[in-house]
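Structure, as structure tokens:
Atoms within each ligand, like the ligands themselves, are counted from 1 in listed order. Numbers here simply count residues along the sequence, with the first being 1.
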Amino acid sequence: MGERMTALLEIRDLCLAFRTDKGPAQVLDGVDLTVAPGEIVGLVGESGSGKTSLARAILGALPVPQAEIASGRIRLDGVDMLRGGKAAESLRGRVVTFVPQDPLDSFNPLFRVGTQLADIMRYRAPPAKEGRFGNARHARETAILEMLDAVQLPQSRALLDRYPHQLSGGQRQRVMLAMALLPQPRMIIADEPTAALDVTVQVQILGLLRRIAAERGVAILFTTHDLGAAWEICDRIIVMYAGQIAEILPRTAFFAKSRHPYTRMLLASLPEPGREAIGISGESASPLSPPPGCRFHPRCPMASDICRKARPLPSRSEDGHLVACHHPWAAASSPAHV
Ligand SMILES: Nc1ncnc2c1ncn2[C@@H]1O[C@H](COP(=O)(O)OP(=O)(O)OP(=O)(O)O)[C@@H](O)[C@H]1O
């Protein structure tokens, strides 16, 4: 999927650096990816691999003036998002919306939930259809209640009168999802949407994301540390290491046919009954002085001379599986342990 269909999101050769006291931190290096309409794509990788920075670059939410996009292109729904201007601005918060990790930080604590939902309806959503005897306000409220129903907050009139701190974590994340959906976006970017929730609520929210994408044809780009969650709901999974894409896999290949040593080591680091979790030894590459060649080579058991000198070019197979490695595992070899 993705490349063969017309992409909704297309990122080409994206290079991003942050200016820091110690010099430029090269946080994204030559990132290429696409997301097709209605597709769910997971971004996984260790802390610091650049997942959030990539999400923020798409949303135009990078910190100014520290962030500098040195090169590359981000096209969303045919619009050049890096050029700025009205076309890109009109997409943000409407065609592409955001679900954050901890919704409490994203609500305004001073306003009732209903007021915040109504503001989204008024300023970002397409006009709600007025019924025969209704007015605009009534139509907006009906649309909000229907949306709360869709995110499994039924009979939620009472909830509209509450303040964000009066909701449970799961309720807040469902309201956030409703806020992200009200503008009828074509794409939602979700940054670790379940990290702040307990396990049972995580499962419910992930199921909801999957259902929404299928029912409404909304694409979702979702960052996570949870490899199981990525496998559970994504169509494709993108594995990032130190600002570069190491591997892109169809969901079905993730556990069974990963080819990059980093992906295999990530999967091998998952806890399993009867086996100690095996961490990946060594430190993640620093964006201040990334190693030459393949950025993973200092930690890679397969590394050879070429890995220290030349960045591996990505190779792609028929099913869209892409691997950027000089010594990838053979497609047919068995999974998970390097
Ligand atoms: N404003 C900033 N100024 C300087 N460096 C930054 C800034 N924001 C992020 N970074 C650096 O960019 C790199 C990528 O960070 P990012 O948050 O995108 O990674 P991540 O994969 O999302 O990590 P996590 O999973 O922990 O959220 C890290 O080395 C981080 O320290």
Side-chain angles (χ1 to χ4, degrees), residues 9 11 13-33 35 41-72 74 81-82 96 98-106 173 176 188-197 202 206 220-231 233-234 236-249 254 260 262-263 265-267 269-270 277 279-280 282-292 294-296 298-299 324:
L9 173 71
I11 299 183
D13 192 28
L14 188 67
C15 295
L16 164 72
F18 285 113
R19 297 183 188 93
T20 74
D21 296 346
K22 294 178 186 154
Q26 295 168 36
V27 169
L28 297 177
D29 181 34
V31 168
D32 274 336
L33 65 90
V35 178
V41 175
L43 277 178
V44 304
E46 286 167 297
S47 214
S49 56
K51 307 179 295 293
T52 299
S53 301
L54 180 56
R56 282 171 159 255
I58 301 164
L59 291 161
L62 288 166
V64 180
Q66 298 101 307
E68 187 189 7
I69 292 184
S71 67
I74 301 178
M81 300 300 281
L82 295 182
V96 59
F98 180 59
V99 175
Q101 179 180 133
D102 187 351
L104 201 50
D105 290 343
S106 303
Q173 197 54 294
M176 265 294 140
I188 293 177
I189 296 188
D191 194 10
E192 304 217 31
T194 58
L197 304 172
Q202 277 182 15
L206 290 175
I220 299 176
L221 182 65
F222 127 93
T223 75
T224 184
H225 282 270
D226 184 341
L227 304 180
W231 179 79
I233 73 159
C234 293
R236 282 189 304 147
I237 295 161
I238 299 179
V239 183
M240 291 190 65
Y241 182 77
Q244 297 179 338
I245 290 181
E247 189 163 15
I248 302 181
L249 311 93
F254 188 46
H260 198 290
Y262 176 59
T263 312
M265 290 169 88
L266 263 187
L267 291 167
S269 69
L270 287 174
I280 304 179
E283 294 270 303
S284 190
S286 162
L288 289 166
S289 52
C294 171
R295 287 190 174 183
F296 188 56
R299 301 171 81 188

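- L33 CG to I238 CD1: the interatomic distance, rounded to the nearest 0.5 Å, is 4.5 Å.
- Salt bridge present: E46 and R299 bring a charged side-chain N and a carboxylate O closer than 4.0 Å.
- In this structure, the side chain of Q173 engages the main chain of P193 through a donor-acceptor pair within 3.5 Å.
- For the pair Q202 (side chain) and L197 (backbone), a donor-acceptor distance under 3.5 Å is present.
- For ligand 1, residues of the protein lying within 4.0 angstrom by heavy-atom distance are F18, T20, V27, E46, S47, G48, S49, G50, K51, T52, S53, P63, E192, H225, P287.
- When the salt bridge (charged side-chain N to carboxylate O under 4.0 Å, His left out) test is applied to R56, no partner is found at least two apart in sequence or on another chain.
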- request: Could you walk me through whether L28 and M240 pass side chain to side chain contact (heavy atoms under 4.5 Å, CB included), step by step?
  value: CA-CA 10 Å; L28 297 177; M240 291 190 65; 3.7 Å; yes
